2 protein chains.
Amino acid sequence: MTDIFKIKELASTPVRVLVYEYLNEHQKALSLKYIESDLYDLDRSSIFRTLKTFVDHKIVHTIHDGSGSVKYALCQEGCNCDPSDLHFHFYCTTCEATYCLLDLPVPSVSLPTGFVISQANMVLSGLCNNCNS
Amino acid sequence: MTDIFKIKELASTPVRVLVYEYLNEHQKALSLKYIESDLYDLDRSSIFRTLKTFVDHKIVHTIHDGSGSVKYALCQEGCNCDPSDLHFHFYCTTCEATYCLLDLPVPSVSLPTGFVISQANMVLSGLCNNCNS
DNA sequence: AAACCAATGCAATAAAGTTGCACCTAACTA
DNA sequence: TAGTTAGGTGCAACTTTATTGCATTGGTTT
Ligand SMILES: [Mn+2]
Ligand SMILES: [Mn+2]
Ligand SMILES: [Zn+2]
Ligand SMILES: [Zn+2]
């Protein structure tokens with residue numbers, strides 16, 4: 001199940017397992033605050049450092065959606081967090097959910113001379129299907 | 001010069017003129033902190049509220065580049081801040097500058113059913129031409 | 001068993017963003 | 001013109017989010 005830690009060469013610990021499973025169950029991009037409120041018996045800084053470790057090991061990617069807090073979502077298998085591995089996101093301004101639009105890859109753009117890209121943060125926002133009455 | 005305020009139906013005030021001219025001179029996306037440090041005789045909250053007013057009146061747009069602080073940049077003439085009016089941005093992780101890539105418009109994407117887009121925040125990051133030695 | 005090292009929890013702190021309130025100023029009214 | 005009003009501004013306090021220092025824990029290695 002969570003042999004993801006073997007693959008990513010990372011020690012399996014209680015907090016890491018819980019945070020990983022939590023993200024895996026939800027399949028959405030979640031904020032630290034949100035995760036913390038559900039995994040209330042874990043400490044905030046432990047979750048924070050766990051997420052940071054996950055980012056370093058390319059287990060999760062971050063999304064800056066303008067909501068004021070960083071969102072975290074599990075990477076797809078084989079993701080290297082290069083722009084070509086990444087995708088658009090959608091932030092709903094009503095329910096504040098952030099979705100990974102896995103079907104929408106980041107397009108390759110031609111940058112001005114001398115610019116070298118290493119990351120991408122693509123966020124569309126508006127109303128999601130649940131909130132669009 | 002700054003008849004922009006007439007166009008946007010907004011009172012011309014000392015702080016607004018200074019902030020507008022400052023953004024206009026720099027032609028980059030700047031953070032509140034950065035602006036504040038240069039316009040040091042102005043109060044932070046006055047600049048903050050001015051920027052907020054500018055956003056409301058579509059004089060500036062915001063960029064969430066993952067740097068930890070919101071960046072503000074002047075809109076192009078006729079901009080309505082719809083996704084179709086907006087463009088990609090580039091954040092340099094070395095000099096922390098954020099550029100408006102005016103030549104790169106936001107592509108129109110086909111969203112899942114029920115999703116309605118109203119905003120876009122497209123940020124590529126890496127090294128800019130100055131920092132790419 | 002002792003030493004070791006990373007992970008964790010707790011508490012403090014930093015950084016960014018935001019707000020309440022008093023004062024000022026410039027436009028409007030009488 | 002003098003009085004009134006509304007919005008703009010500055011100051012200070014505060015909220016929220018992110019981050020760090022440090023002591024403790026717990027499993028692994030000698
Ligand atoms: Mn995603
Ligand atoms: Mn821009
Ligand atoms: Zn929604
Ligand atoms: Zn640079």
Side-chain angles (χ1 to χ4, degrees), chain A residues 2 4-6 8-22 29-57 59-73 91 93 96-98 121 123, chain B residues 2 4-6 8-22 29-57 59-73 91 93 96-98 121 123:
Chain A
T2 48
I4 181 78
F5 297 126
K6 287 176 189 165
K8 300 289 185 176
E9 296 180 325
L10 189 63
S12 174
T13 70
V15 174
R16 286 176 188 163
V17 169
L18 286 171
V19 172
Y20 179 84
E21 288 181 344
Y22 187 78
L30 304 176
S31 67
L32 171 59
K33 185 183 176 187
Y34 191 91
I35 298 169
E36 187 192 355
S37 70
D38 259 15
L39 304 181
Y40 54 87
D41 48 339
L42 300 184
D43 182 72
R44 183 192 326 140
S45 61
S46 299
I47 302 174
F48 172 75
R49 284 189 264 234
T50 293
L51 290 168
K52 199 176 175 185
T53 300
F54 283 0
V55 170
D56 290 344
H57 286 73
I59 294 171
V60 314
H61 57 280
T62 56
I63 302 102
H64 303 270
D65 58 17
S67 66
S69 46
V70 180
K71 303 284 179 70
Y72 302 86
Y91 172 66
T93 52
E96 298 183 282
T98 298
N121 183 60
V123 181
Chain B
T2 48
I4 181 78
F5 296 126
K6 285 178 191 165
K8 301 288 184 174
E9 295 181 327
L10 189 63
S12 173
T13 70
V15 174
R16 287 175 187 164
V17 169
L18 287 171
V19 172
Y20 179 83
E21 289 181 344
Y22 187 79
L30 305 175
S31 67
L32 171 59
K33 186 183 175 187
Y34 190 90
I35 298 170
E36 187 192 355
S37 69
D38 259 14
L39 304 181
Y40 54 87
D41 49 338
L42 300 185
D43 182 72
R44 182 192 328 140
S45 62
S46 298
I47 302 174
F48 172 75
R49 283 188 266 231
T50 293
L51 291 168
K52 199 175 174 185
T53 301
F54 283 0
V55 170
D56 290 343
H57 285 73
I59 294 171
V60 313
H61 57 281
T62 56
I63 302 102
H64 303 271
D65 57 17
S67 66
S69 47
V70 180
K71 302 285 178 69
Y72 302 85
Y91 171 66
T93 52
E96 298 184 280
T98 298
N121 182 61
V123 181

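Bear in mind the structure is a predicted one, so any value in this text is a computation, not a measurement. Per chain, numbering begins at 1; letters A, B, ... match sequence-line order.
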| remark: Residues A:His64 and B:Asn121: closest non-hydrogen pair is O-ND2, 3.7 Å
| message | Without decimals, in angstroms, what is the distance between B:Phe48 CZ and D:dC11 C1'? | response | 16 Å
| Value in whole Å for how far the P atom of D:dT25 lies from CG of A:Leu42 | 18 Å
| task | Kindly say if A:Thr13 contacts the phosphate of C:dT8, meaning a side-chain N or O under 4.0 Å from OP1 or OP2. | result | yes
| message | Under 4.0 Å, counting only non-hydrogen atoms across every strand here, what does A:Ser45 touch: a base, just sugar-phosphate, or nothing? | response | base
| field | Between C:dT19 (P) and B:Ile47 (CD1): distance, integer Å | value | 17 Å
| message | Nearest to the A:Arg49 side chain among C:dC10, D:dT17, C:dC21, which nucleotide is it? | response | C:dC10
| message | Between P on D:dT17 and CD1 on A:Ile63, what's the gap in Å once rounded to a whole number? | response | 17 Å
| message | Applying a 4.0 Å non-hydrogen cut-off, can you work out what A:Arg16 is touching in the nucleic acid: base, sugar-phosphate, or nothing? | response | sugar-phosphate
| query | Side chains of A:Lys71 and A:Thr98: do they bring a donor and an acceptor to under 3.5 Å? | reply | yes
| remark: Rounded to whole Å, CG of B:Leu51 lies from P of C:dA16 at a distance of 15 Å
| What pair of heavy atoms forms the shortest contact from B:Ser46 to B:Val15, and how long is it? | O-CG1, 4.2 Å
| said: For a quick check of understanding: with a heavy-atom distance under 4.0 Å over all strands, which category does B:Ser69 fall into, base, sugar-phosphate or nothing? | reply: sugar-phosphate
| said: Rounding to an integer number of Å, can you tell me how far A:Asp43 CG sits from D:dT24 P? | reply: 16 Å
| task | Give a yes or no on whether the backbone of B:Glu36 and the side-chain of B:Arg44 come within a donor-acceptor separation of less than 3.5 Å. | result | no
| Atom NZ of A:Lys52 to atom P of D:dT19: distance rounded to whole Å? | 7 Å
| field | Upstream residue (5' side of DNA chain D) when A:Ser67 and B:Arg44 are each assigned their closest nucleotide | value | B:Arg44
| With a non-hydrogen cut-off below 4.0 angstrom, is A:Ser46 in contact with a base, only sugar-phosphate, or nothing? | base
| Side-chain N or O of B:Lys33 less than 4.0 angstrom from OP1 or OP2 on C:dA15? | no
| note | Taken to the nearest 0.5 Å, the spacing of B:Leu30 CG from B:Ile35 CD1 works out to 5.5 Å
| query | Tell me: CG of B:Leu18 to C1' of D:dG10, nearest whole Å? | reply | 15 Å
